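Fair warning: this is a prediction, and the values are worked out from it, not measured in the lab.
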Amino acid sequence: MAPHDPTPSSDASGASGTPGASDASELVDFAVDLTSQEVLRRAQVMAALGPDWDPMEVLLGEEAAYDLLYSGLDAEQQRLYDDLVAAGVLPSRGDGRAAA
């Protein structure tokens with residue numbers, strides 16, 4: 001199948017035939033390398049976290065918060081929790097029951 005718009009010619013004269021003139025439909029190669037910006041962004045994130053940031057401590061704190069969130073559920077809440085785990089909405093925790 002032929003393209004709707006033909007590829008512009010490599011002729012430098014453009015559509016008007018005047019040297020140096022360009023056709024408005026001419027394609028231009030455009031590329032941006034964001035590698036240096038990404039490295040800078042990551043360095044700034046690590047600097048903002050500081051030297052005392054401990055990812056394992058953060059993970060353990062999140063696990064403790066989830067245990068607290070799902071603790072002390074009444075029968076209806078426990079049933080809903082179990083349904084959400086069975087549906088794959090919530091991850092299974094421990095023995096499959098919310099912490100008492």
Side-chain angles (χ1 to χ4, degrees):
M1 178 176 202
H4 294 287
D5 296 321
T7 305
S9 67
S10 59
D11 179 16
S13 65
S16 65
T18 307
S22 67
D23 185 3
S25 66
E26 186 175 329
L27 299 177
V28 177
D29 186 24
F30 182 76
V32 177
D33 183 8
L34 297 176
T35 305
S36 62
Q37 275 74 24
E38 179 62 14
V39 170
L40 178 61
R41 184 194 67 81
R42 289 181 184 194
Q44 290 172 339
V45 167
M46 293 308 291
L49 290 172
D52 298 329
W53 180 64
D54 181 5
M56 285 306 297
E57 183 180 331
V58 171
L59 181 61
L60 292 174
E62 287 180 1
E63 289 296 320
Y66 279 118
D67 289 341
L68 184 59
L69 178 64
Y70 297 118
S71 66
L73 301 179
D74 64 26
E76 177 62 18
Q77 291 169 332
Q78 184 66 52
R79 183 195 62 73
L80 182 59
Y81 172 84
D82 293 338
D83 289 347
L84 291 172
V85 169
V89 175
L90 292 175
S92 179
R93 303 184 59 76
D95 62 357
R97 304 289 293 172

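Taking the side-chain hydrogen bond (donor to acceptor under 3.5 Å, both in side chains) definition, one finds that Glu63 meets it with Arg93, sequence neighbours left out. Here Arg79 pairs with Glu76, Asp83 under the salt bridge (charged side-chain N to carboxylate O under 4.0 Å, His left out) rule; sequence neighbours left out. Applying the side-chain contact (heavy atoms from CB on, under 4.5 Å) criterion to Leu69, with sequence neighbours excluded, gives Tyr66.
Annotation: salt bridge (Lys or Arg N to Asp or Glu O under 4.0 Å) contacts involving residues 27-37, sequence neighbours excluded, are absent. Listed by first then second residue, pairs satisfying side chain to side chain donor-acceptor pair (under 3.5 Å) with a partner in residues 45-62 number zero, not counting sequence neighbours.
Under the 4.5 Å side-chain heavy-atom criterion for Ile, Leu, Val, Met, Phe, Trp and Tyr, Val45 and Val58 are members of the same hydrophobic cluster. Under the 4.5 Å side-chain heavy-atom criterion for grouping Ile, Leu, Val, Met, Phe, Trp and Tyr, Val85 is connected to Val89 within one hydrophobic cluster.
Asp74 contributes atom CG, which lies 10.0 Å from atom CG of Leu80 (distance to the nearest 0.5 angstrom). Between atom CD of residue Gln44 and atom CD of residue Gln37 there is a gap of 10.5 Å, rounded to the nearest 0.5 Å. Going from atom CG of Asp82 over to atom OG of Ser92 covers 9.5 Å, rounded to the nearest 0.5 Å.
The hydrophobic cluster containing Val32, built from Ile/Leu/Val/Met/Phe/Trp/Tyr side-chain heavy atoms closer than 4.5 Å, also comprises Phe30, Leu34.
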